A.B. asks: 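One structure coming up, written as structure tokens, with questions to follow.
Keep in mind that this is a model prediction, so the values were computed, not measured. Numbered from 1 within each chain, the chains take letters A, B, ... in sequence-line order. Atoms considered below: every heavy atom in the structure, side chains included; atoms not considered: hydrogens, waters and symmetry mates.
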Amino acid sequence: MRFSKTFIPTLRETPAEAEAISHILMLRAGYIRQLAAGLYIYLPLGWRVIDRINRIIRQEMDAIGAQEITMPALHPAEIWQATGRWSEIGEEMFRLKDRGRRDMCLGMTHEEIITWLASMEIRSYRDLPQVWYQIQTKFRDEARPKSGVLRTREFLMKDSYSFDRDEQGLEESYQRHVDAYHRIFSRCGLKFYQVQSDPGMMGGAGAHEFMAPSPAGEDTIVLCDSCGYAANTELARSTPRPQPEDHSDWDLEDIPTPEKRTVEEVSEFLNAPAEYFIKSLVLIGRDGPFLALIRGDQELHEKKLMRIVGGFRQAEREEIREILGVEAGFIGPHNNSLRKIADISIRQGVYISGANREGFHTRGIRPSVHFDAEWHDIHVVKEEDRCPECGGDIRIERAIEVGNIFKLGTKYSVPLRAFYLDEKGREVPIVMGSYGIGPARIAAAAIEQNHDDDGIIWPESIAPFDVEVLPVTEDTDVMETSEEIYTTLRDRGIEVLIDDRDVRAGVKFKDADLIGIPYQIIIGKKTLKEGLVELKQRRTGKVERLTSSEAIERVSSHYKARG
RNA sequence: CGGGGCGUAGCGCAGCCUGGUAGCGCGCCUGCUUUGGGAGCAGGAUGUCGGAGGUUCAAAUCCUCUCGCCCCGACCA
């Protein structure tokens, strides 16, 4: 394609509203424009990238036997009411009424719709398994759209759904998606991890996310290099390091700690590190007050606790006094009969905690001796902790969620009556899985992971073009050679952009680096006099001086080898 | 939804505190020169100062309301 006839509005300066690198570069390089918060227009270059990503996704989905379909983005309410999500989901769903005053919504995802289809059409075990997918627009009224294309209110998603006879079938479909996803993200040139994730409101037996590490990511993941443990911090477990010193010599005694309430204050006052303390938090759950117990150096993970006890809230200052008869700073796990959920970090050791007595702390508290509790992992993972599987060192990284996979089981097939008849004529619910990929997030993650001060450095597989031809001057011989290189490469099936604009060389160089096409063939007057052109690799900046036919050969054989 | 910031020319910004005929850089248009890393000179065009209401002789500037965008947090099916 010709630059002069392509809409590529590059920007010299960074628009004020952009913060994330991928956002800045996509705007500056003329890939996208913003319509409103969380709504983006994809310009020619941007759309070419999305298209190439989608092509890779389609190839790999088709390769595991998935069949492409397309479903409406506008849904009737009844079907969402049938699974209960119409009322469970709050303001994040775009809702509207049609002219007949019927409730409708814009699809955030398509479990309901595809299950409806399955319920209508799948009768027999002979119809199974099936995997259906689409690449289609989703709508979510995000509380806070952010970081350009990373979190938007309308976005493209590849969503596939597997239908199997039983759990074992689901396991196989799930594994096929795992394999396909690994191929897709690798082919897109991303660095990524597969991590355990919280199934959340999708329900079901298990879930993983595919995470592209990047400081711009919204998620935090925990990784163990020794055994490969990998999990989102929303559910990641860890083994906190043991107390530095043994204090089994401590006897149980109350020590006056006037006006010392926080762990920090008491720790300093008694000259004992935070690991020797138990923080006792008074919470109000569905069945009344209870205590959450956690080591002084650890933090309570509210989501983990939520999964154990259901909903809860912090007790008010006054409530605490009514329940325990003591001020918040002096609460301990012993001397009371409240229900206790304790973190595994305090299972062993000897501790200091509030004495349940104004102005005192108790030293020498032994878990399971001086109090009993339900033991769970309810702390937030810290980098100093140990791997829960192998005890090795762990790392914590920020990451962009580019894909997710869920084992749904029968959560949708039962309410929507997607049943089939098995060999024995029994009616059985279809066992389902659901699998998503965000093409725009792949593009953004690729930029976050591949850029320099001059601009984007696309992985070859998803670049908007393979090569950019840069005639540096307007001379006829320069233009003729450039045109020849352009048409030859194009005729060989290489995607070429030729910068035929009447602008200065500097502008072309700057724009070429910004836009980030993997290879540049630069044709200048002086080098051409020596019969040479330059082949520049965007990533390394390496320049080779070659004859134009050598350059053509080099590029076309490189891309042919790639396939 | 809670906290913070910002809306002035296509883009980046100054002006606002202390009211008095709206500015700078880049871009854009014309001409000449220049031509391998966002050219130089000369000339030129461009604004409902986000919107509404109020105070005032006079509002970009002060007051009230409102809309939008960004960031942090909560949320994220």
A.B. asks: In whole angstrom, give me the gap between the P atoms of B:U66 and B:G4.
C.D. replies: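 To the nearest whole Å, 16 Å.
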A.B. asks: Would you mind pulling out the nucleotide paired to B:U48, Watson-Crick or G-U wobble, both distances under 3.5 Å?
C.D. replies: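 Across all strands, not a single nucleotide pairs with B:U48.
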A.B. asks: Side chains of A:Glu299 and A:His379: do they bring a donor and an acceptor to under 3.5 Å?
C.D. replies: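 No, no side-chain donor-acceptor pair sits under 3.5 Å.
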A.B. asks: Can you list the residues that meet the ring-ring contact (aromatic ring centres under 6.0 Å, His included) rule with A:Tyr435, with sequence neighbours excluded?
C.D. replies: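 Here the qualifying residues are A:His177.
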A.B. asks: State the pairing partner of B:G43; accept Watson-Crick or G-U wobble contacts with both distances under 3.5 Å, and report none otherwise.
C.D. replies: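 Here B:G43 is engaged in a pair, and the nucleotide opposite it is B:C29.
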A.B. asks: How far apart are the C-alpha atoms of A:Ile400 and A:Leu150, what are their side-chain angles, what is the distance that settles it, and do they pass the side-chain contact (heavy atoms from CB on, under 4.5 Å) test?
C.D. replies: CA-CA 8 Å; A:Ile400 297 165; A:Leu150 279 175; 3.7 Å; yes
A.B. asks: Does B:C75 have a Watson-Crick or wobble partner in any strand here, with both distances under 3.5 angstrom, and which is it?
C.D. replies: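 Result: none.
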A.B. asks: With both distances kept under 3.5 Å, what pairs with B:C69, Watson-Crick or G-U wobble?
C.D. replies: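 Partner of B:C69: B:G5.
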A.B. asks: A:Asp513 and salt bridge (Lys or Arg N to Asp or Glu O under 4.0 Å): which partner among A:Lys508, A:Lys536, A:Arg28?
C.D. replies: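 Result: among A:Lys508, A:Lys536, A:Arg28, A:Lys536 is the only option passing the salt bridge (Lys or Arg N to Asp or Glu O under 4.0 Å) with A:Asp513.
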A.B. asks: Roughly how many Å apart are B:A45 and B:A9, using the C1' atom of each and rounding to a whole number?
C.D. replies: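 Looking at atom C1' only, B:A9 and B:A45 are 11 Å apart.
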A.B. asks: If you measure from the C1' atom in B:C16 to the same atom in B:A60, how many Å do you get, rounded?
C.D. replies: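 It comes out at 7 Å once rounded to the nearest Å.
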A.B. asks: Answer with base, sugar-phosphate or nothing: what part of the nucleic acid does A:Ala37 contact at a heavy-atom distance below 4.0 Å?
C.D. replies: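 Sugar-phosphate only.
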A.B. asks: Paired with B:A22 by Watson-Crick or G-U wobble geometry, both distances under 3.5 Å: which nucleotide is it?
C.D. replies: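 Result: none.
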A.B. asks: If you assign A:Ala16 and A:Pro145 each to the RNA chain B nucleotide with the nearest heavy atom, which residue ends up on the more 5' nucleotide?
C.D. replies: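 Nearest-nucleotide comparison on RNA chain B picks A:Ala16.
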A.B. asks: Taking the C1' atom in each of B:G19 and B:C57, what is the distance between them to the nearest angstrom?
C.D. replies: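 Taking atom C1' in both B:G19 and B:C57, they lie 12 Å apart.
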A.B. asks: Using the P atom as the reference point in each nucleotide, state the distance between B:G20 and B:C63 in Å, no decimals.
C.D. replies: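 Each nucleotide's P atom is 15 Å from the other's.
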A.B. asks: In this structure, how many angstroms lie between the P atom of B:C72 and the CD atom of A:Glu218, rounded?
C.D. replies: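 After rounding, the reported distance stands at 9 Å.
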A.B. asks: In whole angstroms, how far is the P atom of B:C69 from the CD atom of A:Glu19?
C.D. replies: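 Nearest whole value for this atom pair: 17 Å.
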A.B. asks: Whole Å only: how far is the CD atom of A:Glu234 from the C1' atom of B:A74?
C.D. replies: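 Taking atom C1' of B:A74 as the reference, CD of A:Glu234 is at 15 Å.
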A.B. asks: With rounding to whole Å, what would you report as the distance between B:G73 and B:U55 at their P atoms?
C.D. replies: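 Roughly 44 Å separates the two P atoms.
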A.B. asks: Any side-chain heavy-atom pair from A:Arg2 and A:Tyr486 closer than 4.5 angstrom?
C.D. replies: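 SC-SC contact between A:Arg2 and A:Tyr486 confirmed.
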A.B. asks: Take A:Gly148 and A:Glu91, find for each the nucleotide of RNA chain B with the closest heavy atom, and name the residue whose nucleotide sits nearer the 5' end.
C.D. replies: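 Of the two residues, A:Glu91 wins.
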A.B. asks: Given the C1' atoms of B:G47 and B:G36, what is the spacing between them in whole Å?
C.D. replies: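 These two C1' atoms come out 39 Å apart once rounded.
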A.B. asks: Identify whether any heavy atom of A:Thr83 sits under 4.0 Å from a base atom; if not, whether one sits that close to sugar-phosphate; answer base, sugar-phosphate or nothing.
C.D. replies: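 Touches nothing.
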A.B. asks: May I ask which nucleotide in the shown strands pairs with B:A59, Watson-Crick or G-U wobble, both distances under 3.5 Å?
C.D. replies: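 Paired with B:A59, as far as the under-3.5 Å criterion goes, is no nucleotide at all.
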A.B. asks: Could you write nucleotides 35-41 of chain B as a row of B, S and -, 5' to 3', where a protein heavy atom under 4.0 Å of any base atom gives B, of only sugar-phosphate atoms gives S, and otherwise -?
C.D. replies: -BBBB--
A.B. asks: What is the separation between atom CG on A:Leu35 and atom P on B:G68, rounded to the nearest whole Å?
C.D. replies: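 For the pair A:Leu35 CG and B:G68 P, the rounded distance is 13 Å.
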A.B. asks: Can you tell me the distance, in whole Å, between the CD atom of A:Gln34 and the P atom of B:C11?
C.D. replies: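 These atoms are roughly 12 Å apart.
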A.B. asks: Any side-chain donor paired with an acceptor under 3.5 Å for A:Gln130 and A:Gln67?
C.D. replies: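 Result is yes, a qualifying pair exists.
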A.B. asks: So what's B:U35 paired with, Watson-Crick or G-U wobble, going by both distances under 3.5 Å?
C.D. replies: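 The base-pairing partner of B:U35, which may sit in any strand shown, does not exist here.
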A.B. asks: Taking only residues two or more places apart in sequence, or in another chain, which ones meet A:Tyr133 in a ring-ring contact (aromatic ring centres under 6.0 Å, His included)?
C.D. replies: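 For A:Tyr133, no residue satisfies ring-ring contact (aromatic ring centres under 6.0 Å, His included) once neighbours in sequence are set aside.
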A.B. asks: May I have the distance from A:Lys146 (atom NZ) to B:A74 (atom P), rounded to whole angstrom?
C.D. replies: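 Roughly 10 Å, once rounded to whole Å.
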A.B. asks: Are the side chains of A:Ile521 and A:Leu489 in contact, using a 4.5 Å heavy-atom criterion?
C.D. replies: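 Counting from C-beta outward, A:Leu489 and A:Ile521 do come under 4.5 Å.
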A.B. asks: Could you state the CD-P distance from A:Glu17 to B:C70, rounded to the nearest angstrom?
C.D. replies: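 For the pair A:Glu17 CD and B:C70 P, the rounded distance is 7 Å.
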A.B. asks: Does a donor on one side chain sit under 3.5 Å from an acceptor on the other, for A:His110 and A:Lys138?
C.D. replies: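 Distance-only check passes for A:His110 and A:Lys138.
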A.B. asks: So what does A:Arg144 touch, heavy atoms closer than 4.0 Å: a base, only the sugar-phosphate, or nothing?
C.D. replies: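 It contacts base atoms.
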A.B. asks: Please give the distance between the P atoms of B:C72 and B:G54 as a whole number of Å.
C.D. replies: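 It works out to 39 Å between them.
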A.B. asks: If I take atom CD in residue A:Glu142 and atom C1' in nucleotide B:C75, what distance separates them, rounded to the nearest angstrom?
C.D. replies: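 Those two atoms, CD and C1', are 9 Å apart.
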